[in-house]
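Every number for a ligand or one of its atoms is a count from 1 in the order of the listing.
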Amino acid sequence: MTNEELRESLLMAPKNGYARIAPEQRAEMERYCADYMAFMDACKTEREATAWTSAKAEELGFKPMVPGMAANPGDKIYLNNRGKSIMLAVVGKKPLNEGANICAAHVDSPRMDLKPNPLYEDSEIAYFKTHYYGGIKKYQWVTVPLAIHGVVYRKDGSVVTITIGEDDADPILVISDLLVHLSADQMQKPLAKGIEGEQLNVILGTEPLEGEGSDMVKLNIMRLLNEKYGLIESDFLSAELTVVPAGRSREVGLDRSLIGAYGHDDRVCAYAELDAIFNIGTPDKTAVCILADKEEIGSVGISGMKSQAFEYFMDILCRAQGVNLYECFANSFCLSADVTNAYDPNFAETCDRRNNALLNYGVAICKYTGSRGKSGASDASAEAMGHVRTTLENAGVIWQTATLGKVDQGGGGTVAAYMADRNIVTVDAGVPVLCMHAPLELVSKLDCYETMLACKAIYLA
Ligand code: MN
Ligand code: MN
């Protein structure tokens with residue numbers, strides 16, 4: 001053998017996905033990404049993603065789960081978990097004691113939630129006080145257009161849905177930053193201290209109500225909220241109102257190869273799972289799609305991936321077939337579909353170039369996440385990685401390997417560990433993202449599309 005032949009047969013030679021994707025797939029990729037962008041414009045919170053998915057599932061013949069219901073091959077079933085997370089299943093030809101093929105993503109994203117008592121006036125400016133949710137670099141969230149999304153449970157028990165800042169006719173909201181002229185002290189601070197949590201106060205208005213009295217700007221804002229939504233101040237206590245970046249997703253780059261949007265993490269994988277499960281027919285094994293909440297704060301709470309809501313869902317499916325839930329879990333596989341970092345040459349020193357995901361190299365498979373000595377990672381076995389590798393290869397999916405940055409540079413987690421805790425073989429995989437957790441995140445169209453194909457391949461495995 002020549003050295004060239006040896007090289008070809010023995011060494012890896014990663015290629016940009018554009019050199020590998022079939023020409024006829026290009027149009028399909030563009031169509032998929034246009035649909036994904038529409039989904040992103042409709043869904044900026046876990047509630048909106050759950051509502052969107054419920055409606056779409058109903059349209060496609062999925063039936064709401066009812067305890068005691070049948071689960072026969074081809075049946076399509078979903079469970080809306082209190083409006084905050086959602087699980088869907090397409091029952092397979094094989095019984096559930098042979099296991100399910102699960103894809104698990106999350107639909108919550110970093111943001112700023114209103115505090116329970118948010119409305120105040122200072123120096124004749126009205127504000128909402130917020131408490132940030134998930135990991136954010138606080139300095140990125142000032143002087144950018146913001147919108148409010150959420151629901152309020154009013155005194156009379158009725159629930160009102162609020163969205164302000166997305167319609168072109170709506171006003172937007174903003175958090176101010178200090179003018180550079182007076183920033184001598186601020187500019188000396190580390191980035192983590194430049195803007196502090198208690199400075200994330202959203203400007204609501206400046207016009208006082210006519211007449212005498214204190215806090216007339218605040219009173220005017222409350223009057224406006226009362227006129228439009230019937231709110232009184234105490235209603236904020238029973239509300240979930242969140243402040244997110246305003247505006248629509250956009251194509252990015254002169255070649256339009258990237259998508260810029262708020263909350264790709266992790267709605268980009270959530271949408272990949274959804275599009276896949278909606279288009280698989282009747283699989284061999286039961287396919288399960290999870291869109292979880294609360295991943296950004298540790299997968300806690302009733303709608304997070306640690307919640308028994310997942311057992312409840314799977315147990316109803318298993319009982320319908322007279323199958324033991326633990327036996328089903330023991331034979332199941334889970335793709336923990338979550339984003340990873342894309343290599344950024346602007347910050348090359350933070351990554352191991354040989355082990356980091358690259359834009360346009362396809363869905364990124366991640367053996368372990370975590371931080372320091374793999375702390376908090378699920379750390380998939382050789383066999384589990386082998387299963388994914390073979391499945392994706394056989395399906396012609398463009399994939400790459402990933403690690404989240406250099407050793408000891410930081411790290412992160414996903415829902416993988418909580419799925420593995422359930423005795424389910426689990427591997428992390430997802431879309432590489434630039435500027436993850438920023439108000440505007442970037443992903444490549446090709447990676448989005450290949451991640452959908454990966455979910456499909458897992459469902460059909
Ligand atoms: Mn994530
Ligand atoms: Mn995240």
Distance check below 2.8 Å: does His106 bring an N, O or S atom to the Mn ion (ligand 1)? yes

Any idea how Phe39 and Tyr271 line up, ring-wise: parallel (<30°), tilted (30 to 60°), or perpendicular (>60°)? tilted

Asp338, N/O/S atom nearest the Mn ion (ligand 1): OD1

Just to the nearest 10 degrees, tell me the angle at the Mn ion (ligand 2) spanned by His437 NE2 and Asp265 OD2. 90°

Parallel, tilted or perpendicular: rings of His387 and Phe333 (30°, 60°): perpendicular

Presence of N, O or S from Glu296 under 2.8 Å of the Mn ion (ligand 2): yes

Parallel, tilted or perpendicular for Trp141 and Tyr262, by the 30°/60° rule? perpendicular

Would you check, one step at a time, whether the test side chain to side chain contact (heavy atoms under 4.5 Å, CB included) holds for Phe62 with Lys56? CA-CA 9 Å; Phe62 281 73; Lys56 189 78 183 170; over 6 Å; no

